[in-house]
Asks: 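First the structure, which I've put down as structure tokens, then a few questions once you've had a look.
As a basis for the values below, the full set of heavy atoms in this structure was taken, side chains included, without hydrogen atoms, waters or symmetry mates. Just so we're on the same page: letters track the sequence lines, and every chain starts at 1.
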Amino acid sequence: MHPWPATPEQAIALQEELRHQVDPTDSGAEPPRYVAGLDVAYDGDRLAAAVVVLQELREVDRAVVLGRTTFPYVPGLFAFREIPALVEALGRLRITPDLLVCDGQGLAHPRRFGLACHLGVLTGLPSVGVAKTAFVGSWAEPGPSRGATSDLVLDGEVVGQVVRTQNKTKPVFVSVGHRIGLGTAVERVLGLTPRYRLPETTRAADHLCRQALKGSS
DNA sequence: GCGACAG
DNA sequence: ATCTTGTCGC
């Protein structure tokens with residue numbers, strides 16, 4: 001396929017090329033049976049990537065991969081740091097997810113190709129990005145109650161939604177990854193946050209990669 | 001030129 | 001991401 005970039009310049013060139021393959025529509029948005037959460041934990045140059053698959057908020061599959069960082073953290077190129085290990089973990093699942101819930105941005109990215117878009121395009125699976133903080137764009141504070149939203153705007157374009165997933169808690173930043181529309185993406189995120197600020201998928205993956213990293217040191 | 005900057 | 005205790009509030 002494509003050679004994995006070794007420099008920031010090559011990484012940006014790859015994003016510019018792949019961004020055109022993103023499908024920002026509901027083409028793969030049938031209510032998902034299997035929803036996967038993905039996350040990576042670090043300890044120096046060691047890392048643990050985890051994927052946890054939930055069916056109706058109950059875990060039905062999981063995979064963890066231990067490895068080492070191969071790319072530095074550069075704002076805008078975050079995906080190159082986590083994708084190799086995450087793709088390997090996805091390959092170790094028994095169940096193929098119907099939706100990937102990524103810890104980071106999708107279209108809410110300088111080149112409209114954040115981690116969620118990249119993972120979606122590489123796997124061909126529907127994906128959404130759920131970030132804890134904003135990266136690009138401007139927005140208004142959404143209302144105080146769960147379900148309230150406001151547009152995340154970049155260059156006059158709505159690239160995501162700021163979503164209040166719990167009453168009086170900081171909102172999360174939801175953006176389209178691949179094969180799902182923004183409205184549906186927000187709907188899915190709200191369905192995954194019945195109790196906490198972050199999706200149950202993200203929480204499960206976060207716990208798994210952290211314990212895996214510790215248990216391997 | 002000066003800050004800001006997913007995790 | 002990670003460094004880090006207690007504490008305020010539901």
Asks: What is the distance from CZ of A/Arg81 to P of C/dA1, rounded to the nearest Å?
Replies: 11 Å
Asks: Using the ring of each side chain (for Trp, its six-membered ring), is A/His118 parallel, tilted or perpendicular to A/Phe113, with breaks at 30° and 60°?
Replies: tilted
Asks: Just checking A/Tyr42: base, sugar-phosphate only, or nothing, at a heavy-atom cut-off of under 4.0 Å?
Replies: sugar-phosphate
Asks: I need the minimum non-hydrogen distance between A/Leu107 and A/Val22, along with the two atoms involved.
Replies: CD2-CG1, 4.1 Å
Asks: Just jot down the ring pair (Phe, Tyr, Trp, His ring centres under 6.0 Å) partners of A/His109, sequence neighbours excluded, or say none.
Replies: none
Asks: Using whole Å, report how far CG of A/Leu213 lies from P of C/dT2.
Replies: 8 Å
Asks: Classify the nucleic acid contact of A/Leu115 as base, sugar-phosphate or nothing, counting any heavy atom under 4.0 Å across all strands shown.
Replies: base
Asks: Rounded to the nearest Å, what distance is computed from the CZ atom of residue A/Phe78 to the C1' atom of nucleotide C/dA1?
Replies: 8 Å
Asks: Using OP1 and OP2 only, check whether a side-chain N or O of A/Lys168 sits under 4.0 Å from C/dG9.
Replies: no
Asks: Check every strand shown and say whether A/Ala108 touches a base, only sugar-phosphate, or nothing at a heavy-atom separation below 4.0 Å.
Replies: nothing
Asks: So A/Leu77, base contact, sugar-phosphate only, or nothing? Heavy-atom distance under 4.0 Å.
Replies: base
Asks: Quick one: how far along DNA chain B does chain A reach, first to last nucleotide 5' to 3', anything under 4.0 Å to a heavy atom?
Replies: B/dC5 to B/dG7
Asks: Pairing donors with acceptors under 3.5 angstrom, does anything connect the side chains of A/Gln166 and A/Arg197?
Replies: no
Asks: Rounded to whole angstroms, how far apart are CG on A/Asp103 and P on C/dA1?
Replies: 7 Å
Asks: Hey, are the side chains of A/Leu77 and A/Ile12 touching, using non-hydrogen atoms and a 4.5 Å cut-off?
Replies: yes
Asks: Over how many whole Å does the gap from A/Asp39 atom CG to C/dT2 atom C1' extend?
Replies: 13 Å
Asks: Begin from the C-alpha positions of A/Arg112 and A/Glu157 and carry the test salt bridge (charged side-chain N to carboxylate O under 4.0 Å, His left out) through to its verdict.
Replies: CA-CA 11 Å; A/Arg112 308 292 197 281; A/Glu157 181 184 343; 3.0 Å; yes
Asks: Scan A/Gly129 against the nucleic acid and name what it touches under 4.0 Å (heavy atoms): base, sugar-phosphate only, or nothing.
Replies: nothing
Asks: Run the salt-bridge test on A/Asp98 and A/Arg33 with the 4.0 Å N-O cut-off and return the result as yes or no.
Replies: no
